[in-house]
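All values below come from the heavy atoms of this structure, side chains included, with hydrogens, waters and symmetry mates left out. Treat the numbers as computed from the prediction; the structure is a model and nothing was measured. Atoms within each ligand, like the ligands themselves, are counted from 1 in listed order.
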Amino acid sequence: MSLSLRDLRATGLLRDANLVAGDWIEADPNTGIAVRNPADGSLIGYVPKLGRAEVAKAVKAAEEAQKTWAARTAKDRATVLRTWFDLMMAHREALAQILTLEQGKPLTEAAGEITYGASFVEWFAEEARRVYGETIPGHQPDKRILVMKQPIGVVAAITPWNFPNAMITRKAGPAFAAGCGMVLKPASQTPYSAIALAVLAERAGLPKGLFSVITGSAAQIGAEMTENPVVRKLTFTGSTEIGAMLYAQSASTIKKLGLELGGNAPFIVFDDADLDAAVEGAVIAKFRNNGQTCVCANRIYVQDGVYDAFAEKLVKAVSRLRTGNGMESGVELGPLIDESALEKVQNHVTDVVEKGGRVLAGGKPHGLGGTFYEPTVLADVTSEMAVAREETFGPVAPLFRFTEEAEAIQAANDTEFGLASYFYAQDVARIFRVSEGLEYGMVGVNTGLISTAEAPFGGVKMSGLGREGSRHGIEDFLELKYVCLGSIA
Ligand SMILES: NC(=O)C1=CN([C@@H]2O[C@H](COP(=O)(O)OP(=O)(O)OC[C@H]3O[C@@H](n4cnc5c(N)ncnc54)[C@H](OP(=O)(O)O)[C@@H]3O)[C@@H](O)[C@H]2O)C=CC1
Ligand SMILES: O=C(O)[C@H](O)CS(=O)(=O)O
């Protein structure tokens with residue numbers, strides 16, 4: 001049963017405040033940032049509009065707190081993280097409702113994100129105790145070589161609105177496990193999930209000042225994060241445009257960067273695919289979070305021999321999807337995040353039709369109005385159309401036709417992005433040829449859902465730098481130190 005705003009505030013998780021250097025700063029409705037429910041525009045509350053001074057204070061507090069945090073045993077840090085995980089799971093329903101209220105995704109999907117987000121904290125609580133150094137045979141008789149791994153120090157994080165819980169824990173989990181401190185700027189449209197995570201982190205025993213959550217002017221906050229020399233790593237998830245700008249801004253202090261940026265995922269259906277499985281995978285890969293994920297299938301390539309059958313099956317499946325307010329039971333597709341997102345989706349559909357493509361399902365704003373859009377399937381799409389080059393970030397499945405395998409691989413790779421890719425086939429040799437030929441950080445074979453804490457998530461080319469999750473995900477929060485011991489005779 002969904003809780004009222006009053007009940008959610010009564011839990012202490014829905015807070016109109018920021019945690020800055022261990023102290024809570026309450027929002028002033030006259031100067032704060034209004035946060036609204038994308039499903040109906042209703043006001044949820046106000047969060048503080050803070051800037052450089054608060055970020056500088058938070059960085060200083062994190063620098064101090066991080067020293068003692070890093071000096072604690074790995075097991076001790078793991079215990080605090082495990083408690084944070086337990087609290088997230090114990091408050092899963094309330095966290096999911098806060099997430100749906102501010103982001104719009106269906107409650108079931110929001111609850112799934114809470115579990116997914118918590119899994120990163122659980123995973124890195126375990127990884128904390130496996131940060132191994134090494135000894136190397138000396139290069140001279142009296143020399144001994146040690147390699148230590150130490151926390152990088154203070155980390156700045158900037159996260160997007162589409163996964164307002166998991167994109168934070170995918171960074172905070174490894175950062176705290178490694179012994180780092182963190183100053184986080186969540187997306188202005190979805191700050192409450194981040195604030196709730198900070199409430200639970202305090203309850204879990206994370207030391208005062210180690211973790212700050214600051215909302216306000218993105219440009220001002222980003223400037224302090226990139227220019228402050230105490231910040232040794234910036235980890236960003238969001239658009240390639242902003243990521244590139246932050247990359248440049250960080251040059252003056254030579255920070256380590258983690259960039260999870262935009263995507264343009266191909267989804268290829270070969271004629272030896274299990275078509276029913278391919279349709280199921282395409283629905284997940286395309287319509288999860290209403291198409292608002294960086295790993296969504298943005299282009300669907302279907303081999304000639306199965307094109308019509310696949311299109312018919314996909315239209316049937318898409319036409320069954322129910323759009324509505326994410327709080328309502330049975331809703332599978334929520335609203336788009338805002339008017340500009342709706343405009344971009346409609347522009348992509350209009351562009352396909354004007355250039356000769358066909359609408360097989362949907363193709364216009366939903367009758368519910370607001371930022372709801374009909375789940376859409378387009379046919380006869382070509383590389384001349386905007387959907388081939390730009391990330392739609394909405395519920396639009398454009399079908400491209402191809403004849404030969406090599407043609408599909410070439411078309412799939414014809415983009416500046418390289419995050420996720422997918423294909424359905426059963427021939428083993430083809431599976432290896434195509435997996436090796438796709439220029440992407442991630443390949444889903446006969447599955448449309450690949451994201452998990454166990455695996456390295458990330459992209460190549462304009463989709464970013466580094467990996468999050470898996471045993472690799474903690475490395476970017478550590479520095480290697482080479483110690484050469486002499487006179488060991
Ligand atoms: N690779 C991945 O894992 C992911 C990639 N993305 C990509 O991001 C885009 C959609 O997400 P969206 O949130 O709109 O992306 P944006 O890049 O617009 O925003 C992401 C974050 O950056 C902040 N930001 C914006 N401008 C600045 C600035 N000048 N300095 C510092 N921070 C800034 C935003 O703050 P504010 O909200 O205050 O504007 C927000 O917190 C898509 O391209 C999508 O593919 C999204 C999620 C995951
Ligand atoms: O922000 C995103 O789009 C996420 O990275 C997608 S996922 O991790 O949930 O697949």
Counting distance only, does the side-chain N/O of [X] pair as donor-acceptor with the main-chain N or O of [Y] below 3.5 Å?
{"X": "K105", "Y": "N290", "answer": "no"}
{"X": "N18", "Y": "V20", "answer": "no"}
{"X": "T452", "Y": "A455", "answer": "no"}
{"X": "K313", "Y": "L275", "answer": "no"}
{"X": "N298", "Y": "T392", "answer": "yes"}
{"X": "S463", "Y": "K461", "answer": "no"}
{"X": "Y373", "Y": "G363", "answer": "yes"}
{"X": "Q292", "Y": "N289", "answer": "yes"}

Could you identify the single nearest non-hydrogen protein atom to [atom] and state the distance to 0.1 Å?
{"atom": "atom 13 (O) of ligand 1", "answer": "W161 CD1, 3.0 Å"}
{"atom": "atom 48 (C) of ligand 1", "answer": "T237 CG2, 3.1 Å"}
{"atom": "atom 35 (O) of ligand 1", "answer": "K185 NZ, 2.9 Å"}
{"atom": "atom 15 (O) of ligand 1", "answer": "S239 N, 3.4 Å"}
{"atom": "atom 21 (C) of ligand 1", "answer": "T159 O, 3.6 Å"}
{"atom": "atom 6 (N) of ligand 1", "answer": "G238 O, 3.4 Å"}
{"atom": "atom 23 (C) of ligand 1", "answer": "I158 CG2, 3.7 Å"}
{"atom": "atom 45 (O) of ligand 1", "answer": "E391 OE2, 2.6 Å"}

Quiz prompt | Distance, nearest 0.5 Å, that separates OG1 of T240 from CE of M245 | solution = 12.5 Å
Exercise. Tell me whether the guanidinium CZ or amine NZ of K185 lies under 6.0 angstrom from the six-membered ring centre of F236 and within 45° of its axis.
Key: no
If you count the atoms of ligand 1 from 1 in the order shown, which ones are under 4.0 Å from a heavy atom of [X]?
{"X": "L419", "result": "1 (N)"}
{"X": "G262", "result": "45 (O)"}
{"X": "C294", "result": "1 (N), 2 (C), 3 (O), 4 (C), 5 (C), 6 (N), 45 (O), 48 (C)"}
{"X": "L246", "result": "30 (N), 31 (C)"}
{"X": "A218", "result": "24 (N), 27 (C), 30 (N), 31 (C), 32 (N), 33 (C), 35 (O), 38 (O)"}
{"X": "F393", "result": "10 (C), 42 (C), 44 (C), 45 (O)"}
{"X": "N162", "result": "46 (C), 47 (C)"}
{"X": "F457", "result": "3 (O)"}

Practice problem: Would you confirm whether the ring centroid of Y424 sits within less than 6.0 angstrom of the ring centroid of F267? | Solution: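 When the ring centroids of F267 and Y424 are compared, they turn out to be within the sub-6.0 Å range.
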Below a 4.0 angstrom heavy-atom separation, can you tell me which part of [X], side chain or backbone, both or neither, approaches ligand 1?
{"X": "L261", "answer": "backbone"}
{"X": "V295", "answer": "neither"}
{"X": "M225", "answer": "neither"}

Say whether [X] and ligand 1 are in contact under the criterion: heavy-atom distance to a ligand atom below 4.0 Å.
{"X": "R170", "answer": "yes"}
{"X": "P186", "answer": "yes"}
{"X": "F236", "answer": "yes"}
{"X": "M245", "answer": "yes"}

Self-check item: Result of checking I214, I221, V213, L197 against L184 for side chain to side chain contact (heavy atoms under 4.5 Å, CB included)
Solution: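 Checked I214, I221, V213, L197 against L184; only one passes side chain to side chain contact (heavy atoms under 4.5 Å, CB included): V213.
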Distance-only N or O hit between ligand 1 and [X], under 3.5 Å:
{"X": "S188", "result": "yes"}
{"X": "E260", "result": "yes"}
{"X": "T240", "result": "no"}

Exercise. With a 4.0 angstrom cut-off on heavy atoms, strictly below it, pick out the residues next to ligand 2 and order them by chain and number.
Key: Y116, N162, F163, M167, R170, R288, T293, C294, V295, S451, F457
Heavy-atom pair with the smallest gap, counting every atom of [X] and [Y]:
{"X": "E384", "Y": "K355", "value": "O-NZ, 3.3 Å"}
{"X": "G117", "Y": "T169", "value": "O-OG1, 2.8 Å"}
{"X": "C296", "Y": "K286", "value": "SG-O, 3.6 Å"}

Exercise. If the plane angle is over 60° it's perpendicular, under 30° parallel, otherwise tilted; pick one for F176 and W84.
Key: tilted
Quiz item: In terms of the angle between their ring planes, are F124 and F120 parallel, tilted or perpendicular, with boundaries placed at 30° and 60°?
Solution: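 F124 and F120: parallel rings.
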Quiz item: Any side-chain donor-acceptor pair under 3.5 Å between R299 and N264?
Solution: yes
Quiz item: Looking at atom 30 (N) of ligand 1, is any protein heavy atom nearer than 4.0 Å to it?
Solution: yes
Exercise. Start with the C-alpha gap between E479 and R232, add the side-chain angles, then the distance that decides, and say whether salt bridge (Lys or Arg N to Asp or Glu O under 4.0 Å) holds.
Key: CA-CA 10 Å; E479 286 289 8; R232 296 313 314 140; over 6 Å; no
Self-check item: salt bridge (Lys or Arg N to Asp or Glu O under 4.0 Å) evaluation trace for K171 with E468
Solution: CA-CA 7 Å; K171 301 171 186 305; E468 295 186 331; 2.7 Å; yes
Quiz item: Given L259, I242, L234, which one has a non-hydrogen atom that is nearest to atom 26 (N) of ligand 1?
Solution: I242
